[in-house]
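Numbers here simply count residues along the sequence, with the first being 1.
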Amino acid sequence: MKMKKWMSSVLVAGAVLTLATAAQAHVNVYPKEATTGSYEKYTVRVPVEKDVNTTKVKLEFPSNVKVNSVQPIPGWTYEFEKDKDGVNTALVWTATEGGIKAHEFQEFTFVGANPKEEGQLAWKAYQTYANGEVVEWTGDKDSKTPASVTTIKTGVGEAGHEHGQEQKPATAPAGEAASAGGNNTLPLVLSGLALLISIVGLFRKKA
């Protein structure tokens, strides 16, 4: 009976680790929470899940977010897509030096003017690989390819500030960030191993 309980706990811990690792493999936009009416610095994190380089990334803006400022990145060009009225609707980054290699990730940064109302922003992303395959990160949160979501909450905002000035540097939450050129799932793997070791130790004491 004790062995069954031990095995169940290990399986649960493994499932939690798998889900967390899978979430990190998705295209994500940070921060996950922002304030109404603010100029926010957004970061798009693009990992490579395949053994093929990623050579193009397209991000569609929610209709109630205004984007006019983007940070240039060496090895990449960028271009805004516009609607018939000249409003920016998406950003497309294209690699000029090979793109993002397997087991690597790249971050793309821009500044957006948040809406004045609370709600959720769904960022639809399209990841193109060197072999022509396109992964559409446009689904709901339970799909295999979910769109990244930012929750907008009431805040002080940027009243009186110049257009295009961000509120503050936006970084991924502690534990989600990783050093450039490394695998951003390492902290999750180490945490999962620590959890498994703790569970094994607990059931050994009870045995």
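- Of all heavy-atom pairs between Y129 and V52, the closest is CD2-O, 3.2 Å.
- The distance from the NE2 atom of H103 to the NZ atom of K50 is 12.5 Å, given to the nearest 0.5 Å.
- The aromatic rings of F110 and F61 are tilted relative to each other, their planes meeting at an angle between 30° and 60°.
- Of all heavy-atom pairs between H26 and P146, the closest is ND1-CG, 3.5 Å.
- Across L121 and P115, no two heavy atoms sit closer than the pair CD2-CG, 4.2 Å.
- How far OG1 of T43 is from CD of Q71: 8.0 Å, rounded to the nearest 0.5 Å.
- Taking the side chain as every heavy atom from C-beta outward, E81 and N88 never approach each other to under 4.5 Å.
- Side-chain atoms of D83 and T89 form no donor-acceptor pair, as typed in the model, at a separation below 3.5 Å.
- Shortest non-hydrogen contact noted between A122 and P62 is O-CG, 3.5 Å.
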*asked:* Quick one, T35 with K153, criterion side chain to side chain contact (heavy atoms under 4.5 Å, CB included). Give me CA distance, side-chain angles, the key distance, then yes/no.
replied: CA-CA 5 Å; T35 56; K153 296 183 177 181; 5.8 Å; no

*Given W137 and K124, is the side chain to side chain contact (heavy atoms under 4.5 Å, CB included) satisfied, shown in steps?*
CA-CA 6 Å; W137 300 96; K124 294 184 178 182; over 6 Å; no

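- Using modelled atom types and a 3.5 Å distance limit, the side chains of N114 and Y42 yield a donor-acceptor pair.
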_Criterion side chain to side chain donor-acceptor pair (under 3.5 Å) on T151 and E33, from CA distance to verdict_ = CA-CA 5 Å; T151 300; E33 289 188 359; 5.5 Å; no

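- Residues R45 and E107 are paired through a salt bridge, judged by an N-O separation under 4.0 Å between the basic side chain and the carboxylate.
- Both I73 and V27 belong to a common hydrophobic cluster when Ile, Leu, Val, Met, Phe, Trp and Tyr are linked at side-chain heavy-atom distances under 4.5 angstrom.
- Not a single salt bridge (Lys or Arg N to Asp or Glu O under 4.0 Å) links E136 to another residue, sequence neighbours left out.
- Side-chain N/O atoms of E60 and W123 include no donor and acceptor closer than 3.5 Å.
- Under the 3.5 Å distance criterion, with hydrogens and angles disregarded, a donor-acceptor pair is assigned to the side chains of S148 and K32.
- The main-chain N or O of G75 is found under 3.5 Å from a side-chain atom of T96 such that the two form a donor-acceptor pair.
- Taking hydrophobic clusters as Ile, Leu, Val, Met, Phe, Trp and Tyr residues chained together by side-chain heavy-atom distances below 4.5 Å, V57 does not share a cluster with Y126.
- One hydrophobic cluster holds both V65 and V70 under the rule that ILVMFWY side chains link at heavy-atom gaps under 4.5 Å.
- Here the OG1 atom belonging to T109 is positioned 5.5 Å from the NZ atom belonging to K41, to the nearest 0.5 angstrom.
- A donor-acceptor pair is defined here as one N or O able to donate and one able to accept, closer than 3.5 Å; no such pair exists between the side chain of T94 and the backbone of W76.
- For an aromatic pair to be called close, the ring centres must be under 6.0 Å apart, and W93 with Y78 fails this.
- Within the 4.5 Å cutoff, side-chain heavy atoms of K56 are placed close to those of V92.
- With a 4.5 Å cut-off on side-chain heavy atoms, F80 and L91 count as touching.
- Remark: K82 NZ is packed, more than 12 non-hydrogen atoms of other residues, nucleotides or ligands lying under 6.0 Å away.
- Side-chain polar atoms of K101 and N53 form no donor-acceptor pair below 3.5 angstrom.
- Other residues, nucleotides and ligands contribute at most 12 non-hydrogen atoms within 6.0 Å of the CD atom of E79.
- T128 OG1 to E133 CD: the interatomic distance, rounded to the nearest 0.5 Å, is 9.5 Å.
- Atoms CD and CD1, from Q106 and I100 in turn, are 5.5 Å apart once rounded to the nearest 0.5 Å.
- Both F108 and V135 are members of a single hydrophobic cluster when ILVMFWY side chains are connected at heavy-atom separations under 4.5 Å.
- Remark: E97 CD to T77 OG1 distance equals 11.0 Å, nearest 0.5 Å.
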